[in-house]
There are 2 protein chains.
Amino acid sequence: MKIDDAAARLEALGNRTRLQIYRALVRAGRSGTPVGRLQDKLKIPASTLSHHIKSLVAVGLVSQVRESTTLVCHANYDSMQGLVDFLVSECCVDEAECKDAKTAA
Amino acid sequence: MKIDDAAARLEALGNRTRLQIYRALVRAGRSGTPVGRLQDKLKIPASTLSHHIKSLVAVGLVSQVRESTTLVCHANYDSMQGLVDFLVSECCVDEAECKDAKTAA
DNA sequence: ACGGTATTTCTAGAATATTGGAAATATGGA
DNA sequence: TCCATATTTCCAATATTCTAGAAATACCGT
């Protein structure tokens, strides 16, 4: 993963409202959650919610599938995993002796 | 971890420059990196760099130790680990059947 | 085609973040 | 004490993000 992609994903998650949305989707698992249900749960105006979801989709952390009139959102686990891997990768490569740090990470 | 703390850490990492700084520190491992060396490596004006480091320190992702005239920065692995745990925790708790998702996460 | 529900796009004001020069502060050595 | 190096704080300009009302669009059932 390129650093700009990682930064974009982290930035997307680095907002209370968007992190709430993302966590709700993670908790929902495979079945996902429709936009309207997120709106009820989180009490966010529709346009604001739509903007936030859009940015999560834009960076690949969330995907959407239309089911007739409702749009169901899903957390994209692979995307998150890639991000986590990026964060801990190359730990200590610029340092010779860091066994403790490596096991900690 | 509270959601606001997690969001604050993610926001701190969600900026290209700060992510570069953080990654340089992760790569440096236990020995850490002085502020001045980061400045040379990343070619960032001192004041800008200082601002960014300050925000990483503020959220606990980075710690600093003074060694005579230089300030050495370290990536705080525990802090990162807590963040990663938060992100994947409670996966699927609102969904009955999601074994695939759970193993993927 | 029409009506209703779901959701997005348009728009714009307010709030916040980013940047970096200049001045201030910290540290240790001569 | 005085200097040199390291780093931060102050300040202000610029850029970006956040928010949400209103209008527009999408979809389906009738």
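Throughout, a chain's letter reflects where its sequence line sits, starting with A, and its residues are numbered from 1. Just so it is clear, the structure is predicted and the values come from calculations on it, not from any experiment.
Between A/Leu87 and A/Leu10, the closest side-chain pair of non-hydrogen atoms falls below 4.5 Å. Between B/Phe86 and A/Leu19, some side-chain heavy-atom pair lies under the 4.5 Å cut-off. Between A/Val26 and B/Cys91, some side-chain heavy-atom pair lies under the 4.5 Å cut-off.
A distance of 8.0 Å separates OG1 of B/Thr17 from CG of B/Leu42, quoted to the nearest 0.5 Å.
When the C1' atom of C/dT5 is taken as reference, atom CD of A/Glu67 falls 16 Å away, rounded to whole Å. Atom P of nucleotide C/dT5 and atom CG of A/Leu71 are separated by 18 Å, given to the nearest angstrom. Across the protein-nucleic acid pair, B/Ile53 atom CD1 and D/dT9 atom C1' stand 14 Å apart, rounded to whole Å. Taking atom CZ of A/Arg16 as the reference point, atom C1' of C/dA15 lies 17 Å away to the nearest angstrom. Atom CG in A/Leu38 sits roughly 10 Å away from atom P in C/dT8 (whole-Å rounding). Between the C1' atom of C/dG21 and the CD atom of B/Gln39 lies a distance of 13 Å, rounded to the nearest Å. The nearest whole Å value for the distance from the CG atom in A/Leu10 to the C1' atom in C/dA17 is 17 Å.
Distances shorter than 4.0 Å separate some side-chain N or O of A/Lys54 from OP1 or OP2 on C/dT9. Taking 4.0 angstrom as the limit, A/Gln64 places a side-chain polar atom (N or O) nearer than this to OP1 or OP2 of C/dT8.
Note that the two end axes of the helix from C/dA1-D/dT30 to C/dA30-D/dT1 enclose an angle of 30°, each drawn from 5 base pairs, rounded to 10 degrees.
Checked by atom type and distance alone, the side chain of A/Asn76 never pairs as donor or acceptor with a backbone atom of A/Ser63 at under 3.5 Å. Using modelled atom types, no side-chain atom of A/His74 and backbone atom of A/Leu25 make a donor-acceptor pair closer than 3.5 Å. Here the side chain of A/Ser79 pairs a donor or acceptor atom with the backbone of A/Gly60 at under 3.5 angstrom.
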(request) If a protein heavy atom is under 4.0 Å from the base, mark B; if only from the sugar-phosphate, S; if neither, -; do that for nucleotides 14-26 of chain D going 5' to 3'. (result) ---SSBBBB----
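Within the nucleic acid shown, B/Thr70 comes within 4.0 Å of sugar-phosphate atoms alone, with no base atom in reach, counting heavy atoms only.
With A/Asp94 as the fixed residue, the salt bridge (charged side-chain N to carboxylate O under 4.0 Å, His left out) test singles out one of B/Lys41, B/Arg23, B/Arg37: B/Lys41.
Placement of A/Val59 and A/Val84 within a single hydrophobic cluster is found when ILVMFWY residues are connected by side-chain heavy-atom separations under 4.5 Å, directly or transitively.
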